[in-house]
Amino acid sequence: MASRYDPQVAEPKWRAAWEEADVYRAKAPSEAGDAPKAYILEMFPYPSGRLHMGHVRNYAMGDVVARHKRAKGYNVLHPMGWDAFGMPAENAAMKEGVHPGAWTYQNIADMRAQFAKLGLSLDWSREFATCDPEYYGAQQALFLDLYEAGLAYRKASKVNWDPVDQTVLANEQVIDGKGWRSGAPVEQRELTQWFFKITDYAEDLIAGLKTLERWPEKVRTMQANWIGRSEGLQMRFDWAGEAPKGAPGRGVEVFTTRPDTLYGASFIALSPDHPLTVSLAAGNGELEAFRAACAATGTSEEAIETAEKMGFDTGLRVRHPFEARSLPVWIANFVLMGYGTGAIFGCPAHDQRDLDFARKYDLSVIPVIQPPGAPEGTDNGANETVAEAYTGPGRVVNSGFLNGKTIEEAKAAAIDRIEAEARGTRTVNFRLRDWGVSRQRYWGCPIPIVYCETCGLVPVPKSDLPVRLPEDVSFDVPGNPLERNEKWKSCTCPACGGPATRETDTLDTFVDSSWYYARFASGEDLQERAYWMPVDQYVGGVEHAVLHLLYARFIARAMGKIGLMEPAHGEPFAGLFTQGMVTHQTFKDAAGDWVRPADVAEGEAGPIVLATGAPVTVGASEKMSKSKRNTVDPDAMIAAYGADVARLFTLSDSPPERDVEWTQAGVEGTARFAQRVWANFDALPQSPTQMKPSGEGALRRASHKALAAIDQAVEEFRFNSAVATLYDWTNTLKKAAGDAPEADRVEACSLFARCLHLFMPHLAEACWARLGQTGLVVNAPWPEVDAALLEEDTVTLPVQVNGRRRSEIKVPAAAGRNDVEAAALADPAVDAHVAGRAVKKVIVVPGRIVNIVV
RNA sequence: GCGGGUAUGGCGGAAUUGGUAGACGCGCUGGUUUUAGGUACCAGUGCCGCAAGGCGUGGGGGUUCGAGUCCCUCUACCCGCACCA
């Protein structure tokens, strides 16, 4: 009587066995022997309290890689922890009156229990939460080292202020002019803040991208764009005549990437926030009003798109560097203070913004680049009807000593001359700004600095770390509870013992996640850290392409500089894989409210709400979210189908980098697969033979081919293909049950169980035990492919006539070209299509195909 | 605007990288078991055609004995950045 596999019974049993044997603990470097190391890491979760299907997919992928490496004899580190600081804990505190710490640790406990049920190959002995004082204390020490090294500093600057969360945001956290968490329009405020000097590494962070061969091209490009390196010239336009009162220097400094178009310059434009603009505006009501109008323009995508070019003529003039003429100095709303020098020269013929501006204020347009093949004197800008600036390639014209040169030659020549005349220098500019890390929040890592009335800014001595968060805090009013907590705030100065106050800002939570991988690797032991780093395979969502992944690359370099990590590990993640989301069908009722997919049934005239019969409309399959009511609870799926099925489904239907759609029918298919697998093992004799298989039976060939295919697919992150091969193999095993020798079936099942274990570890243990194995399959070595079995004695070759498949022939694999050709020509179906015509050519690709050309 | 990507049956997708297109799964059709529904199992399923055969990987063109794969060109959609001089 065939038995069924019951995951509800089997899964807890095998998890207990793994735990008892402590199978997933990484070996210390000294115990690892000759085994190479593999550090496999998935982005650690925020402890929201509930696991979602996206987590399941993410961790299932990392688990496949970790198990594969373990089976192949690597010493694997596969840790897990919690990215535990952040706003949701404070929001919960405000809403429910619970302490953020209590809320967070309860969530961690809940999620740890959910994680346990998934049966992941995690080494929990290294678990920590970033809100543990041991962790944030070590982070405070790291901060002090950065301060010592000049990589952390304090300055007053305009910052992005989120009025809802009442905190400062980094540039990376402002999306389309809005706070990344609150969605509130961000305001500009002048505040004194802590910054990390990420710009010191701008060049290195760009250069390092080239070495990251196992990163997605997309992520590397996004980072390169974000850092925004551009080569050009910073130069001065000297004042024509008297310098304006209070103007620093001998002229206006501008940055340009197009020094080849200097002869096309027709105006200078300053940012509304340029220091010269500010000084000119003092006492000038009209200019003040202009600046105010510029500041009022929003920073959203739409506002920028539709913003009218606005200008203000200062009446000042500067000299052209190469020609005896002068240019007007304007103030223009489209010039950003935050990039370059906050001033530009305008070349309307070859820059669209400059052209828009010139047309509006009737400034001259001087074409200096002639497109290739254009006749002499072609108008590409001067004519007032031309509305598009020419930015393509060409030769320089109307440009004195630059005439006739290519754009690249002219750039070099112009820079050489400006440098020779000491008016400027070749410069590289970056878009990247320093990372503002101060947050006016409670639930974060306190910045270990005090302010003393006599000594000023004083770092907290390392021996006094950690600076712990106070427990007695209230969240009844908005703002930072640390700021209001006088008892915590006031302290004595470590230097003079006099009265002092603590820094009340905490660190951006992205600081927490930018070095946790190093902490997992070793705690404080730098030798062990050097052994494990870098992370060999990192797995996570693409939404962190510029935030977390850029910060982590920076901090890894900074840790190299201050001796907390090998400088060679400046790239912390040697391999990166960004997985797609889990989506699910959405439905709405007549009122436009979201309806849970589980409440929908197929009615006679389309989908209806099961309970009421009311019609619903079908929406797109979208990322699971509470607001759209299309989430699927992993716990419910584990209860219904088992963890193995939930895990396998998230990997089976789509390539891992793409989104996968959760469907009920698909999950049921996966559950059927699990039963088919078990049926194959259950069909073996009660005491399977221990005889070695021999010979070259079809089952043995098919099994070794499948093994090789799965091995390669897993290696290349093509998990969906590996799963398809497992399905296929299952069908093969079933068909072979009647006729293959028992020893061959046992061997095939043994290979199968070890492949299956990457994806369905619990079921694989049950299968392994059914084979009479006494050990655990998680400890079984990866099977060797018998290469001899991959080669066939006879091959079936398709035969084409004029490129169309007409027949197939069976020939010995070792047959020579002439024999294959003769066999093909002798085939009756081929002969019919040749139809007596003369054969011009026969192409024989050994082992592949025959093509007869007539 | 700049950058990256995708396009294959009713659906998700596969194709050893230039060599039998559609593996595997879902769905669907027919059958067996079942009191019935469901489950399970068996067979079939790219399109047109009774068949022979023809057509077929977003559109058009090219290279080749042979193209989903390489080249040119066009189109649609998705993602990221965006007044960065």
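Chain A is the first sequence line, chain B the second, and so forth, proteins listed ahead of strands; every chain is numbered from 1. Any value given below was found using the heavy atoms of this structure, including those in side chains, with hydrogens, waters and symmetry copies removed.
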For [X], which contact category applies under a 4.0 Å heavy-atom criterion: base, sugar-phosphate, or nothing?
{"X": "A:Ser721", "result": "sugar-phosphate"}
{"X": "A:Lys734", "result": "sugar-phosphate"}
{"X": "A:Val845", "result": "base"}
{"X": "A:Asp354", "result": "nothing"}
{"X": "A:Pro655", "result": "sugar-phosphate"}
{"X": "A:Arg433", "result": "nothing"}
{"X": "A:Phe255", "result": "base"}
{"X": "A:Gly340", "result": "nothing"}
{"X": "A:Val660", "result": "nothing"}

Quiz item: Between A:Leu327 and A:Ala265, what is the shortest heavy-atom contact and its length?
Solution: CD2-O, 3.6 Å
Quiz prompt | For A:Asp644 against A:Leu763, the heavy-atom pair lying closest together | solution = OD2-N, 2.8 Å
Side chain of [X] (C-beta onward), nearest among [options]:
{"X": "A:Gln800", "options": "B:rC81, B:rG66, B:rC24", "answer": "B:rG66"}
{"X": "A:Phe334", "options": "B:rC83, B:rG4, B:rA82", "answer": "B:rC83"}
{"X": "A:Arg672", "options": "B:rA85, B:rA40, B:rG4", "answer": "B:rA40"}
{"X": "A:Arg805", "options": "B:rG25, B:rA7, B:rU20", "answer": "B:rU20"}

Quiz item: Out of A:Tyr361, A:Phe267, A:Phe312, which residue meets the ring pair (Phe, Tyr, Trp, His ring centres under 6.0 Å) rule with A:Trp330?
Solution: A:Tyr361
On a whole-Å scale, what distance lies between the [atom1] atoms belonging to [N] and [M]?
{"N": "B:rG18", "M": "B:rC28", "atom1": "C1'", "value": "35 Å"}
{"N": "B:rA14", "M": "B:rG25", "atom1": "P", "value": "15 Å"}
{"N": "B:rC71", "M": "B:rG54", "atom1": "C1'", "value": "29 Å"}
{"N": "B:rC70", "M": "B:rG66", "atom1": "C1'", "value": "13 Å"}
{"N": "B:rU75", "M": "B:rA67", "atom1": "P", "value": "26 Å"}
{"N": "B:rU6", "M": "B:rU69", "atom1": "P", "value": "14 Å"}
{"N": "B:rG58", "M": "B:rG53", "atom1": "P", "value": "27 Å"}
{"N": "B:rC26", "M": "B:rG19", "atom1": "P", "value": "29 Å"}

Self-check item: Test salt bridge (charged side-chain N to carboxylate O under 4.0 Å, His left out) applied to A:Glu203 - qualifying residues, sequence neighbours left out
Solution: A:Arg229
Practice problem: For A:Glu808, enumerate each residue passing the salt bridge (charged side-chain N to carboxylate O under 4.0 Å, His left out) test, keeping only those at least two apart in sequence or located in another chain. | Solution: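 For A:Glu808 the salt bridge (charged side-chain N to carboxylate O under 4.0 Å, His left out) partners, ignoring immediate neighbours, are A:Arg805.
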Round to a whole Å and report the spacing from [atom1] of [X] to [atom2] of [N].
{"X": "A:Arg4", "N": "B:rC41", "atom1": "CZ", "atom2": "C1'", "result": "12 Å"}
{"X": "A:Arg848", "N": "B:rG18", "atom1": "CZ", "atom2": "P", "result": "10 Å"}
{"X": "A:Phe719", "N": "B:rG13", "atom1": "CZ", "atom2": "P", "result": "17 Å"}
{"X": "A:Tyr339", "N": "B:rA82", "atom1": "OH", "atom2": "C1'", "result": "13 Å"}
{"X": "A:Asn720", "N": "B:rA15", "atom1": "CG", "atom2": "C1'", "result": "12 Å"}
{"X": "A:Asn680", "N": "B:rC41", "atom1": "CG", "atom2": "P", "result": "11 Å"}
{"X": "A:Arg229", "N": "B:rC2", "atom1": "CZ", "atom2": "C1'", "result": "18 Å"}
{"X": "A:Gln664", "N": "B:rG38", "atom1": "CD", "atom2": "C1'", "result": "14 Å"}

Practice problem: For A:Met637, check side chain to side chain contact (heavy atoms under 4.5 Å, CB included) against everything at least two apart and list the hits. | Solution: A:Met53, A:Val632, A:Tyr641, A:Ala646, A:Trp662
Quiz item: Regarding A:Arg431 and the six-membered ring of A:Trp226, is the cationic atom NZ or CZ under 6.0 Å from the ring centre and inside 45° of its axis?
Solution: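 Verdict for A:Trp226: a cation-pi partner in A:Arg431.
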Self-check item: cation_pi(A:Lys309, A:Phe334) dist<6.0 Å, angle<=45
Solution: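 Yes, A:Lys309 sits over the ring of A:Phe334.
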Quiz prompt | Heavy-atom neighbours of A:Gln8 CD exceed 12 at 6.0 Å | solution = yes
Quiz prompt | Over 12 non-hydrogen atoms of neighbours within 6.0 angstrom of CD in A:Glu213 | solution =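 No.
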Exercise. Enumerate the residue pairs fulfilling side-chain hydrogen bond (donor to acceptor under 3.5 Å, both in side chains) with a member in residues 722-733 of chain A, sequence neighbours excluded, ordered by first and then second residue.
Key: A:Ser703-A:Trp729
Quiz prompt | Secondary structure of RNA chain B in dot-bracket form (Watson-Crick or G-U wobble, distances below 3.5 Å, | marking inter-strand pairs) | solution = (((((((..(((......[....)))((((((.......))))))(((....)))..(((((..]....))))))))))))....
Exercise. For RNA chain B, determine which residues of residues 708-716 of chain A have any heavy atom closer than 4.0 angstrom to one of its atoms, and list them numerically.
Key: none
Quiz item: What's the base orientation of B:rG37: syn (chi within 90° of 0) or anti?
Solution: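 That one's anti.
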Quiz item: Closer than 4.0 Å, any side-chain N/O of A:Ser230 to the OP1 or OP2 of B:rA85?
Solution: yes
Quiz item: Does OP1 or OP2 of B:rG66 have a side-chain N or O of A:Arg804 closer than 4.0 Å?
Solution: no
Quiz item: Any donor-acceptor pair under 3.5 Å joining the side chain of A:Asn851 to the base of B:rC65?
Solution: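 Under the 3.5 Å cut-off, the side chain and the base do form a donor-acceptor pair.
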Exercise. Give a yes or no on whether a donor-acceptor pair under 3.5 Å exists between the nucleobase atoms of B:rC83, that is its base, and the side chain of A:Lys309.
Key: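 For A:Lys309, whose side chain was compared with the base of B:rC83, there is a donor-acceptor pair (under 3.5 Å).
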Quiz item: Start at the 5' end of RNA chain B and walk down; is the nucleotide closest to A:Gly803 or to A:Ala724 reached first?
Solution: A:Ala724
Quiz item: What distance do A:Asp831 atom CG and A:Leu825 atom CG have between them, rounded to the nearest 0.5 Å?
Solution: 8.5 Å
Quiz item: Do A:Asp273 and A:Arg291 meet the salt-bridge criterion of a basic N to acidic O distance under 4.0 Å?
Solution: yes
